[in-house]
Amino acid sequence: MAKTEKPDVDTAEAAISGEKACPATLEPGQERSVGYDEYREALRLEVSDKELRKVRLKIDLVIMPIFLITQALQFLDKTALNYANLFNYQQALGLHGNQFNYLSAIVYAGYFFGQYPCGWLVGRFPAQKVLAIAIFAWGVFVVLLTQCRDYSSAMAVRFLMGLFESAVTPGLTLMTGFWYTRQEIPLRQNIWFSALGWAGIIGSFISLGIANLPADTKPERWAIIFYLLGGVTLLWSFVVWFVLADSPINAKFLSHRERLIAVKRVSENETGIKNGEFNKKQMWLGFTDPKSILLFIAVFAAAIPNGVVNSFSTLIIADLGFNTKQITALKAVGDATQVISVLIAGVIILNVKNSRLIVATLFNVLCVVAAATLGWLPRSNTWGRLVSFWLMNSQSVGFTAALTTVSSNMAGYTHRSLASALLFTAYCWGNFAGPFVVEPSEAPDYPSATIGLFVGYTIRAACLFVLLIHMFFANRLRDKKYGPQDKKASDEAGMSDMTEFENKNFRYVL
């Protein structure tokens with residue numbers, strides 16, 4: 001196999017990444033990046049704007065619904081305890097003290113242990129098959145929750161659920177970069193991540209329907225939730241297996257020419273598609289990249305309030321003085337706020353160049369204000385506090401900004417996948433910690449939870465702003481040192497699995 005020379009590494013950036021400032025070559029037996037041959041073939045294509053739009057539309061019509069529904073089911077299944085809690089779930093299992101907190105949090109411990117092997121599996125094997133197997137497995141465990149009648153068995157099943165659910169959001173984050181351009185990624189990522197809001201709305205109305213059943217219904221009303229969600233998840237795994245494609249190069253819904261066009265589109269990301277080989281040189285970079293560290297802090301800080309909202313939203317609304325049926329309807333308004341906020345942010349980012357981190361920072365400032373007013377408005381101001389709670393659901397904009405930074409601004413598949421795993425490590429342990437800032441003895445004001453919400457959102461807003469400044473000046477430094485970007489050379493470097501530190505023509509999107 002012919003060797004392909006890579007451009008010189010920037011000495012200053014190599015020092016950051018820990019890599020030597022020397023050209024890299026493709027060694028005998030080393031795997032080429034996925035789609036590299038198709039990329040070379042596509043260079044000869046003359047493609048019209050009409051063709052590009054047609055290919056993008058076909059991708060949208062197949063990929064987006066699958067991503068959206070998969071993410072929605074994962075979130076519904078993970079937060080089903082929140083709805084089961086309305087129907088005497090704690091009493092049925094004999095839970096006491098902080099046991100419900102641990103039961104809510106343990107899924108994230110499983111998530112932590114599963115995400116690293118799942119990230120490797122998505123890169124090494126067909127991603128859609130890895131996802132489908134994971135979806136089927138966690139669906140089985142959701143159904144098995146109906147048979148858990150004590151704390152220890154429910155803890156074990158919830159841990160195993162998290163182990164398999166860990167393939168979804170990290171996997172979809174990486175796969176979004178397989179299909180979409182850097183300009184398109186934020187809106188598409190926000191569309192499928194809005195599934196959290198849609199799932200919350202669906203879950204609220206499922207709960208509202210179940211609330212109309214007699215209290216002595218068999219199986220128990222809380223068990224019906226697990227049967228319903230688990231059954232749908234099991235069926236959905238077959239759709240993912242047979243319909244979703246691993247990447248554009250093996251998409252059955254595209255013709256050969258359309259596959260080449262799809263690869264040509266994403267080659268312009270300068271980050272490549274994926275590489276089945278684990279690159280040891282990129283491993284250390286995945287954990288020491290300044291962007292990874294800032295995102296780790298930002299995600300961990302905001303995941304703590306996220307854990308509070310996901311696990312205790314029904315309890316928070318109940319403590320404002322509403323009954324069960326009112327709670328489900330009012331929670332749905334908060335979920336709708338999440339959908340609207342991420343879609344608005346996605347549209348702004350699509351149409352305003354280099355605005356993604358500015359938009360994310362502003363939405364986080366809104367969350368800071370909402371957390372403060374929820375905690376410190378007088379208890380008599382019920383609707384003011386409720387609106388504050390609704391507005392905190394816009395926090396998803398900050399998390400999607402972190403995801404798009406990974407998929408748009410980190411090149412080299414091993415580097416990108418490990419940075420993603422680091423981000424989700426923060427997500428796991430922040431969400432694990434979240435339920436423990438809610439002390440039942442502090443009801444109905446929950447001062448510790450209020451402080452956790454306020455501090456978490458403040459830290460993330462600060463980290464996103466620092467990340468914006470870091471990448472802005474990195475671009476300025478590269479322009480000053482190397483001159484204008486050579487876009488074609490940068491695309492070639494990305495498809496050759498080079499990192500942004502090796503590729504002197506790489507420029508960050510802000």
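In this structure, CZ in Arg265 is found 6.5 Å from CZ in Arg56, a value given to the nearest 0.5 Å. Distance CD1/Ile66 to CE/Met64: 10.0 Å, rounded to 0.5 Å. Between the CE atom in Met283 and the OG1 atom in Thr288 there is a gap of 10.5 Å [rounded to 0.5 Å].
Residues Ile261 and Lys54 have side chains not in contact (no heavy-atom distance under 4.5 Å, counting atoms from C-beta outward). Residues Thr169 and Thr173 are in side-chain contact: their nearest non-hydrogen atoms beyond the backbone lie under 4.5 Å apart. In this structure, the side chains of Glu500 and His415 come closer than 4.5 Å at one or more pairs of heavy atoms. Contact of the Pro170 side chain with the Tyr111 side chain is registered, since non-hydrogen atoms from C-beta on lie closer than 4.5 Å.
For the side-chain contact (heavy atoms from CB on, under 4.5 Å) with Thr405, the lone residue among Leu295, Leu510, Leu294 that qualifies is Leu295. Considering Ile344, Val339, Val342, Ile185 as possible partners of Asn190, the one that fulfils the side-chain contact (heavy atoms from CB on, under 4.5 Å) test is Val342.
Side chain of Thr499 to main chain of Phe501: a donor-acceptor pair is present (N/O by atom type, distance under 3.5 Å, no hydrogens or angles).
Using a 4.0 Å cut-off between charged side-chain N and carboxylate O, Lys78 and Glu165 make no salt bridge. Using a 4.0 Å cut-off between charged nitrogen and carboxylate oxygen, Glu41 and Arg257 do not count as a salt-bridge pair. With respect to Glu502 and Lys281, no salt bridge is recorded, no charged nitrogen being found less than 4.0 Å from a carboxylate O.
Taking Phe472 as the reference, nothing meets the ring pair (Phe, Tyr, Trp, His ring centres under 6.0 Å) condition, with sequence neighbours excluded. Residues forming a side chain to side chain donor-acceptor pair (under 3.5 Å) with Tyr180 (at least two apart in sequence, or on another chain): Asp60.
Using cut-offs of 30° and 60° on the angle between ring planes, the pair Phe399 and Phe424 is perpendicular.
Cation-pi geometry between Arg182 and Phe506 is met: the NZ or CZ atom falls under 6.0 Å from the ring centre, inside 45° of the normal.
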